[in-house]
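In what follows, every chain begins at residue 1, and chains take the letters A, B, ... in the order their sequences are listed. Side chains included, hydrogens not; waters and symmetry mates left out as well; all remaining heavy atoms used. This structure is a prediction, so every number in the text was calculated from the model and none was measured.
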Amino acid sequence: MKEAKRKKEAAGTFPDEVLERVVGMIKSHKDRSAASLVCKDWFNAERWSRARVFIGNCYSVSPEIVTRRFPNIRSVTLKGKPRFSDFNLVPPNWGADVHAWLAAFADKYPFLEELRLKRMTVSDESLEFLASYFPNFRAISLLSCDGFSTDGIAAIATHCKNLVELDIQENDVEDRSGSWLSCFPENFTSLEILNFANLNSEVNFDCLERLVSRCKSFKVLKVNKSINLEQLQKLISHAPQLVELGSGTFTQELTANQHSELENAFSNCKNLHTLSGLWEAKALYLPVLYPACTNLTFLNLSYAALGSGEFASLLVHCPRLRRLWVLDTVEDKGLEAVGSHCPLLEELRVFPYDPFDQEIIHGVTESGFLAVSYGCRRLHYVLFFCRQMTNAAVATIVKNCPDFTHFRLCIMDPGQPDYLTNEPMDEAFGAVVKTCTQLQRLAVSGLLTDLTFEYIGKYAKNLETLSVAFAGSSDWGMQCVLNGCPKLRKLEIRDCPFGNVALLSGLEKYESMRSLWMSACNVTMNGCRLLAREMPRLNVEVIKEEGSEDSQANKVYVYRSVAGPRRDAPPFVLTL
Amino acid sequence: MESGMAYEKDDLMINLKATELRLGLPGTEEETNEDHHQDQSSLSSSALKNRKRHSPEITREEKSDHDGEETAPPAKAQIVGWPPIRSYRKNSLQQMKKSEAAEISGMFVKVSMDGAPYLRKIDLRVYKNYPELLKALENMFKFTVGEYSEREGYKGSDYVPTYEDKDGDWMLVGDVPWDMFMSSCKRLRIMRESEARGLGWGV
């Protein structure tokens, strides 16, 4: 017996506890997935030791399957609706309701601590449920969600005694009042992250001030527009250790005394690396920020309509900037300043101030983008809204910055060619995929033929996410992408001439992808039925809209799932 | 502002027509503007420098057929979900512009000029009549407005002053009484004469 045991040990089997401990140290989801495939022991070690789960498509799996496999989850991230729902392409009441998940978690994960939701429907009842059934609950983050009001947030504030994080970002939330803030108990001190920039209602400032004073570990504070400069000064004086600050409205008639108090408050914030908010920021008040900008790595000015002058003056003080979000009111001159003053820049997002006004001839152009590329060689993430672009400019930009991982270019007039040569923008995106070998995410725009997609299929070997609108000439384009991009996970297409042949050419591909979205293309119901029949492990859903032809499949959403067809689909979602 | 000799006549003419309201496009269909083509060299320097900016306008017109959308200079039909901007951001932008507008007392309207890189804003209340307004625009954008006639609109210039009224229609500046203009003008656009011609406006 002893010999047999010694032999077994010599063969290298670990006791379960040790294996679990070791596998437990693996943080990355991908690595954990890989480890779980090694053998049954490793599969079990992984599932027992896992504390965080990320579910990129809430319908790809069911709460039952998740809770059965992973018994000890403390943190859940869930994403729901297709991304184009952000742009009103998905009708309301489509689904992705979190409640069924919460019910399952209350049963199996009563010690749940964190919940991060993106594009999910969350009702006030769900938030109340969350606040009541999870005594250890610490962190909630809601991004681009809908279905709840400030009453639900009040429930969280009232009942979650150990809350560390309350992050409400860019949601469609019904803002009934600011009274939720007054629901935090007076003896509550654990809060470290509070973001209520999304909400407009005025909060009780005294309550807020007391809250910030007594929570000694406050790291992130992002207030809403109702907070003025004088109030902001008081808040940051109580929390000079802040690492991220989102200001309120950045304009107010201040006395000289108030002005210098504000400046002092900012200069005491030595740890600030992220700054946002700055609604209605006026040139006059920006200088108070300067002393706080030295260590700034992320500056979000996308809600402040600054001109090039005051923007450039601000940038001089931000030499360590790595991420920058701005409005195109800063114009090319502002972008030149970026190129001059921010050599460490890695991410740039330029949003349009007048996205729907087509006669305006201002904003940013290819020259601004070029200027940034000459000065910021480490740039690897760009989101750029503009009204004109050239193939030559893009080719130069990627030559200057070959490390792009995320290239999202939005030429706002659909189907617009190179404005100098009048040619399609094929060569621009060709240059991007040929030069930027690490490209993971691409969004294309402008006048594009199938050639663009030939390039993408041929060169974009690391591409994971592709967004296409008003582009392509025929099925061939989409086929090139489906046949060519081995790492493709998410493909979203709107208003393109791709039909059934293209859709069906991806039969084997879709099981290796998270999802496919096609709207206003040339796909028919029959094409979708064929896909559904051939690939039983895919959910092929068609969103039927009133007034659309019966044979056309105007909005198609295809995704892999181990949970089978949806059981909560509304009448206008047909599962084929 | 001095009113030059050239304006007295216009002043009279415009006043005489003060009570006449227009329906439909003013002016004749016929165009004989070879003279204008020869004048390329006399284009203001700003227009020359910004020659490149003319292309988007042209392309849009050329594309209009294959887009199936209207070619009228005012905004084309908006496409659902385009440009791709989240509702939250869209709503915030709208609010920003509202408060920007509310701050301003006065009757500020935007003025755009075809070929110019950026827009200007003027306070209509500063001017008492059309000649003053036109003179100010001429100074601001360095062009000349030509001679106004009720029948033929503006003659003798590369540019035509137009405005968008409360109904969203594009009108020729000078047709309605000044007070009516002041209360109905939402924005101004100094249109290139070649484009105005394309719309059948007699210039």
Q: Check whether A:Asn198 gets within reach of chain B through its side chain, its backbone, both or neither, counting any heavy atom under 4.5 Å.
A: both
Q) Tell me, side chain or backbone of A:Ser144 under 4.5 Å from chain B's heavy atoms, or both, or neither? A) side chain
(Q) Does any backbone or side-chain atom of A:Ala520 lie under 4.5 Å from a heavy atom of chain B? Answer side chain, backbone, both or neither. (A) neither
(Q) Whether the B:Asp175 and B:Tyr148 side chains hold a donor-acceptor pair (N or O, under 3.5 Å, no angle test) is what I'd like checked. (A) yes
**Q.** Under 4.5 Å from any heavy atom of chain B - which part of A:Asp172
**A.** neither
Q) When the ring planes of B:Tyr130 and B:Phe181 are compared, do they come out parallel, tilted or perpendicular, using 30° and 60° as the limits? A) tilted
Q.
Any donor-acceptor pair under 3.5 Å linking the side-chain atoms of A:Asn228 with those of A:Thr249?
A. no
(Q) For A:Ile411, which atoms come within 4.5 Å of any heavy atom of chain B: side chain, backbone, both, or neither? (A) backbone
Q: Could you check which of A:Trp279, A:Phe385, A:Phe351, A:Phe470 has the highest count of heavy-atom pairs closer than 4.5 Å to chain B?
A: A:Phe351
Q: Given side chain to side chain contact (heavy atoms under 4.5 Å, CB included), test A:Asn171 with A:Phe148 step by step and report yes or no.
A: CA-CA 9 Å; A:Asn171 300 288; A:Phe148 64 104; 3.8 Å; yes
Q: Determine, for B:Arg189 against B:Asp114, whether the closest basic-nitrogen to carboxylate-oxygen distance falls under 4.0 angstrom.
A: yes
Q.
What part of B:Gln94 gets within 4.5 angstrom of chain A, counting heavy atoms only: side chain, backbone, both, or neither?
A. neither
Q. On the ring face of A:Tyr353, is B:Lys97 found with NZ or CZ under 6.0 Å from the centre and within 45° of the axis?
A. yes
